[in-house]
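Here's the structure we're looking at; comments come further down.
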Protein chains: 2
Amino acid sequence: MKRHIYDCQKGCPVESTLQIIAGKWKSVIIYHLMTGTERFNDLQKQMPDCSRRMLALQLHELQADGVIQKKVYPVIPVKTEYSLTDFGQTLRPVITAMETWGNLYNQRATRQAATN
Amino acid sequence: MKRHIYDCQKGCPVESTLQIIAGKWKSVIIYHLMTGTERFNDLQKQMPDCSRRMLALQLHELQADGVIQKKVYPVIPVKTEYSLTDFGQTLRPVITAMETWGNLYNQRATRQAATN
DNA sequence: CAGAATCCTAACAGATACTG
DNA sequence: CAGTATCTGTTAGGATTCTG
């Protein structure tokens, strides 16, 4: 997704939020980092439908926007850890709302499947 | 954006939510419908960066997912009204969280601009 | 007014191979 | 382990034109 497609100057708050979290996998990444630090490969295991390439791209953009930070340990083989910045932590309410709604949606889908 | 890129079976609630609202303009549309019914052209005026074509596409998908409904008045020229369904109303907390965060973000951006 | 249809290009994103 | 590079097919999405 191209960056800066939304016009924040216009003042629409939802567009401003999208400016930061609208990437295909960004909110999912933030969600997985809400429980703590994660390594690259661990993130990928939790998001099997996101390719390594896409994961790297989205992590980059989140870093550039100051949402997450990366710590590299100079060991061999290299070890990295991703975590939310203080700024990224402020997104918690947004992601939590998505989590809550998604759980309801999944339950509804399950119930409907059981009814059929 | 292609439909059904997220795997809801996997159970990640955030991915389930994205399944519904991940379109480029979907959450913005829902946001504008939260205050009530809107007509096609009125929606477009509120989202100048969204082309007529894109608006129509996103409205279609939202309708297909049962989030919004459309009422057509058989007058000439045709008049249509879009509104949230009951299901769509359940998304309020999600969009409101985005709105709240976006307002904070805009304030922060304004403050920083004033400091410089 | 509220779209649908068509054309066209840039951007996206998968697959694969390579690297410190 | 944690990525990057390249190559390539696919999709997104703008511009324009047409319609009931």
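Any value given below was found using the heavy atoms of this structure, including those in side chains, with hydrogens, waters and symmetry copies removed. To find a chain, count down the sequence lines: A is the first, B the second, and so on, and within it residues start at 1. Since the structure is predicted, the reported quantities are computational estimates derived from the model, not experimental observations.
- DNA chain C is contacted by B/Lys70, B/Pro77, B/Val78 of residues 67-78 of chain B, taking any non-hydrogen atom closer than 4.0 Å.
- The distance between atom NZ of B/Lys26 and atom P of D/dA12, rounded to the nearest whole Å, is 11 Å.
- Atoms CD and CD1, from B/Gln58 and B/Ile30 in turn, are 10.0 Å apart once rounded to the nearest 0.5 Å.
- In the region residues 31-45 of chain A, proximity to DNA chain D at under 4.0 angstrom, judged on heavy atoms, holds for A/Arg39, A/Phe40, A/Asn41.
- Under the 30°/60° scheme for interplanar angles, the aromatic rings of A/Phe87 and B/Trp101 are found to be tilted.
- In this entry the distance linking CD of B/Gln58 with C1' of C/dA4 reads 16 Å, nearest Å.
- For the 3.5 Å distance criterion, the side chains of B/Glu38 and B/His32 fail to qualify, holding no donor opposite an acceptor.
- The A/Lys79 side chain lies nearest to D/dA2 when the options are D/dA2, C/dG14, C/dA4.
- Between B/Leu59 atom CG and C/dA2 atom P the separation is 11 Å, expressed in whole Å.
- For the atom pair CE of B/Met47 and CH2 of B/Trp25, the computed distance is 5.5 Å after rounding to the nearest 0.5 Å.
- How far NZ of A/Lys70 is from CG of A/Leu62: 13.0 Å, rounded to the nearest 0.5 Å.
- Within 3.5 Å, no donor on the side chain of B/Arg53 pairs with an acceptor on the base of D/dT17, nor the reverse.
- Between the CG atom in B/Leu43 and the CZ atom in B/Arg52 there is a gap of 14.0 Å [rounded to 0.5 Å].
- Relative to the axis of its first five pairs, the axis of the last five pairs of the helix from C/dC1-D/dG20 to C/dG20-D/dC1 sits at 60°, rounded to 10 degrees.
- Per the geometry, CG belonging to A/Leu57 stands 17 Å off P belonging to D/dA2, to the nearest Å.
- One atom, CD of A/Glu61, and another, C1' of C/dC12, lie 11 Å apart when rounded to the nearest Å.
- The separation between B/His60 atom NE2 and D/dG13 atom C1' is 17 Å, rounded to whole Å.
- Of all nucleotides listed (C/dG14, D/dT16, D/dA2), D/dA2 comes nearest to the side chain of A/Thr80.
- Atom CD of residue B/Glu61 and atom CD1 of residue B/Ile21 lie 13.5 Å apart, to the nearest 0.5 angstrom.
- Residue A/Lys24 places its side chain closer to C/dA13 than to any other of C/dA17, D/dA2, C/dA13.
- Residues B/Lys79 and B/Glu81 meet the side-chain proximity criterion, which asks for heavy atoms closer than 4.5 Å.
- By the 4.5 Å heavy-atom criterion applied to side chains, B/Lys24 and A/Leu18 are not counted as neighbours.
- Phosphate proximity of C/dC1 to B/Tyr82: absent, as no side-chain N or O sits under 4.0 Å from OP1 or OP2.
- At a threshold of 4.5 Å between non-hydrogen side-chain atoms, the residues A/Ile29 and A/Leu55 count as touching.
- Annotation: side chain of A/Pro13 is in contact with side chain of B/Tyr31 (closest heavy-atom distance under 4.5 Å).
- Rounded to a whole Å, the CG atom of A/Asp49 is 9 Å from the P atom of C/dG14.
- Whole-Å rounding puts the B/Arg52 CZ to C/dA5 C1' distance at 12 Å.
- Side-chain contact check for A/Leu104 versus A/Arg108: every heavy-atom pair is 4.5 Å or farther apart.
- In this model, the phosphate group of C/dA13 is not approached by any side-chain N or O of A/Ser51 to a distance below 4.0 Å at OP1 or OP2.
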